[in-house]
Number of protein chains: 2
Amino acid sequence: MPESADTTWLRTVAHEVRSFDRSSTAERVAELLRSRVIEGDLPPGTRLSEEQLVEVLHVSRNTLREAFRLLTHEGLLVHRLHRGVFVPELDEDDLVDLYRLRRTIECDVVRRLEGLDAVRLRPLHAAVAAGEDAARRGDWGAAGTANMRFHQQLVALAGSRRIDETTARLLAELRLAFHAIAVPQRLHEPYVSRNRALLDLLTAGEVEQAAKELEAYLHDSEAELLAAHRAHPRS
Amino acid sequence: MPESADTTWLRTVAHEVRSFDRSSTAERVAELLRSRVIEGDLPPGTRLSEEQLVEVLHVSRNTLREAFRLLTHEGLLVHRLHRGVFVPELDEDDLVDLYRLRRTIECDVVRRLEGLDAVRLRPLHAAVAAGEDAARRGDWGAAGTANMRFHQQLVALAGSRRIDETTARLLAELRLAFHAIAVPQRLHEPYVSRNRALLDLLTAGEVEQAAKELEAYLHDSEAELLAAHRAHPRS
DNA sequence: CCTTGAGGGATTGTTCAACAACTCTCTAGG
DNA sequence: CCTAGAGAGTTGTTGAACAATCCCTCAAGG
């Protein structure tokens with residue numbers, strides 16, 4: 001196909017199309033890759049080729065690399081010097097580590113809760129309901145998403161930006177682990193009702209008991225994930 | 001000064017000099033800027049000009065921007081689209097937020113400790129001793145550093161990579177706040193002995209009591225910092 | 001047969017220069 | 001005093017070039 005000598009206008013049009021929102025190109029590329037990684041479209045261990053992605057995404061290598069950096073610091077990609085970026089393969093130590101921090105944050109947040117009211121718990125109700133609905137439909141992907149949202153909203157009750165951010169990273173990494181293991185989705189089932197139970201305890205203002213239940217909950221979840229991991233040596 | 005037509009060899013020599021260690025140029029630039037920020041050489045609110053730093057550091061804008069990203073994700077710089085990167089100015093909300101997460105992590109780590117022995121506590125002893133020594137000399141900068149190390153080593157007892165990383169970010173940001181406020185260094189004095197007391201409790205295996213003391217400790221520290229902040233409206 | 005090491009191709013790391021897009025400031029006009 | 005807009009200065013993004021490194025292959029030597 002013939003091209004005009006001056007293609008400057010093409011770039012400006014392309015820019016207009018892409019930057020309709022208020023974020024940089026790198027951030028949008030990162031957002032795109034993030035969803036791909038979290039959805040499991042890119043299996044752990046996959047190498048993300050710069051050349052290839054530049055071709056597909058129509059961004060420059062520099063911009064792509066900036067997106068890589070963003071995701072690397074979220075733990076969704078790992079960067080090996082002179083080798084490229086990969087979707088991380090979490091091992092058992094990582095799982096234990098993830099759950100360690102998770103217990104620390106979530107349980108402590110719950111334990112320190114006070115002055116709860118129905119309004120603040122509303123987002124939790126929504127997440128639990130979404131989970132139950134998804135479970136009824138047998139849509140375990142959606143159930144997993146709802147579960148993540150439940151826990152994110154749970155820590156959000158603390159009202160701390162940094163706790164929210166730390167938790168978001170944590171849950172994203174954990175999601176990665178789920179895909180790595182291809183865990184039987186039925187394993188998610190008990191947590192739908194346990195989320196409900198947890199929410200009931202919070203509604204009743206029983207924070208200490210809720211914290212204890214959450215602790216056991218997370219221990220069980222960790223144990224099951226580890227078992228699934230051992231039963232599923234390498235995909 | 002005259003230059004030869006071909007300066008390629010210059011770049012390769014320069015690269016050899018700079019990359020003697022096993023990290024990328026961006027990481028080394030980040031390390032340099034990190035220390036400047038943490039030491040307080042760059043006051044909060046300072047804008048870091050790309051043009052200027054490229055000139056001084058002899059790296060390309062791309063590499064510099066990669067370093068910026070690194071530090072941005074550590075909370076040591078903030079990035080405003082189309083405006084540049086700045087040394088953050090933490091406000092009271094940030095202080096509260098920082099201490100909120102700090103209490104969560106540090107107290108929980110201490111509370112869950114078990115199987116402590118002298119060997120594992122050794123790094124803590126070293127940090128406490130360093131703090132006491134610095135205090136005797138009246139070197140409050142060193143005392144602050146020792147204090148940071150004490151708390152970093154404290155959470156390190158949990159043996160969790162992610163807890164370590166989260167804490168490192170936390171403490172770095174906090175350090176920023178100290179400089180922002182130009183807090184009277186005398187305020188650091190009581191914490192030297194409180195660190196010692198904390199360590200004694202741990203040595204005795206009294207983790208629950210240690211956690212309670214740490215909680216009070218952090219509350220006091222937060223209160224003093226907030227008071228200092230209010231007394232020091234804007235520098 | 002296994003190990004070792006020297007090409008050589010492919011990919012990442014870094015730089016540079018150019019231009020687009022945005023913010024900030026200052027000024028002219030209301 | 002306020003507002004619109006032009007201009008200057010800075011950041012955002014691109015594409016090309018080359019250096020540095022990794023990885024695979026293959027051959028020589030044990």
Side-chain angles (χ1 to χ4, degrees), chain A residues 3-33 45-72 77-87, chain B residues 3-33 45-72 77-87:
Chain A
E3 290 205 348
S4 69
D6 182 64
T7 59
T8 299
W9 68 273
L10 255 178
R11 281 209 301 241
T12 84
V13 164
H15 186 273
E16 274 177 31
V17 168
R18 286 175 313 192
S19 69
F20 196 65
D21 61 73
R22 275 257 169 266
S23 56
S24 73
T25 307
E27 279 170 54
R28 263 170 287 122
V29 169
E31 175 57 38
L32 195 156
L33 293 177
T46 306
R47 180 170 138 262
L48 278 66
S49 158
E50 292 189 358
E51 193 179 25
Q52 206 170 316
L53 285 172
V54 160
E55 175 72 18
V56 174
L57 300 174
H58 299 288
V59 297
S60 76
R61 262 181 81 209
N62 287 315
T63 300
L64 179 63
R65 285 161 69 82
E66 230 166 73
F68 281 168
R69 283 288 190 201
L70 286 168
L71 296 172
T72 296
L77 293 178
V78 290
H79 189 161
R80 284 175 233 175
L81 197 59
H82 292 292
R83 286 191 222 172
V85 299
F86 300 78
V87 181
Chain B
E3 290 205 349
S4 70
D6 182 62
T7 58
T8 299
W9 68 274
L10 254 178
R11 280 211 301 241
T12 86
V13 164
H15 187 272
E16 275 177 30
V17 169
R18 286 175 313 193
S19 69
F20 195 64
D21 61 75
R22 274 263 170 263
S23 56
S24 73
T25 307
E27 280 170 53
R28 263 170 287 120
V29 169
E31 174 57 38
L32 195 156
L33 292 177
T46 306
R47 180 171 139 262
L48 278 65
S49 158
E50 291 189 359
E51 195 180 22
Q52 206 170 315
L53 285 172
V54 160
E55 176 71 18
V56 173
L57 300 175
H58 300 288
V59 295
S60 76
R61 265 179 80 207
N62 287 316
T63 300
L64 178 62
R65 285 160 69 83
E66 233 167 67
F68 281 168
R69 288 280 188 206
L70 286 168
L71 296 172
T72 296
L77 293 178
V78 290
H79 189 159
R80 283 174 236 180
L81 197 60
H82 291 292
R83 286 191 224 173
V85 298
F86 300 78
V87 180

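Letters go in sequence order (proteins before strands), and every chain restarts at 1.
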Separation of atom CZ in A:R28 from atom P in C:dA21, rounded to whole Å: 13 Å
Atom-pair distance (CD on A:E50; C1' on C:dA10), nearest Å: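 It is 12 Å, rounded to the nearest whole Å.
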Report yes if a side-chain nitrogen or oxygen of [X] is closer than 4.0 Å to either non-bridging phosphate oxygen (OP1 or OP2) of [N]; otherwise report no.
{"X": "B:T25", "N": "C:dT14", "result": "yes"}
{"X": "A:H79", "N": "C:dG13", "result": "yes"}
{"X": "A:R65", "N": "C:dG13", "result": "yes"}

Selection from [options] that lies nearest to any side-chain heavy atom of [X]:
{"X": "B:R47", "options": "C:dT12, D:dT10, C:dA18", "value": "D:dT10"}
{"X": "B:L81", "options": "C:dT14, D:dG12, C:dC16", "value": "D:dG12"}
{"X": "B:R83", "options": "C:dT14, C:dT23, C:dG13", "value": "C:dT23"}

First encountered from the 5' end of DNA chain D, between A:H82 and A:A26: A:A26
Heavy-atom check, side chain of B:R80 versus side chain of B:F86, under 4.5 Å: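 With C-beta onward as the side chain, the pair touches.
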Test item: B:V78 and B:V85 side chains (from C-beta on) under 4.5 Å apart, heavy atoms: no
Quiz item: B:R61 side-chain donor-acceptor pair to D:dG12 base, under 3.5 Å: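 Indeed there is one.
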Quiz item: B:N62 side-chain donor-acceptor pair to C:dG13 base, under 3.5 Å: no
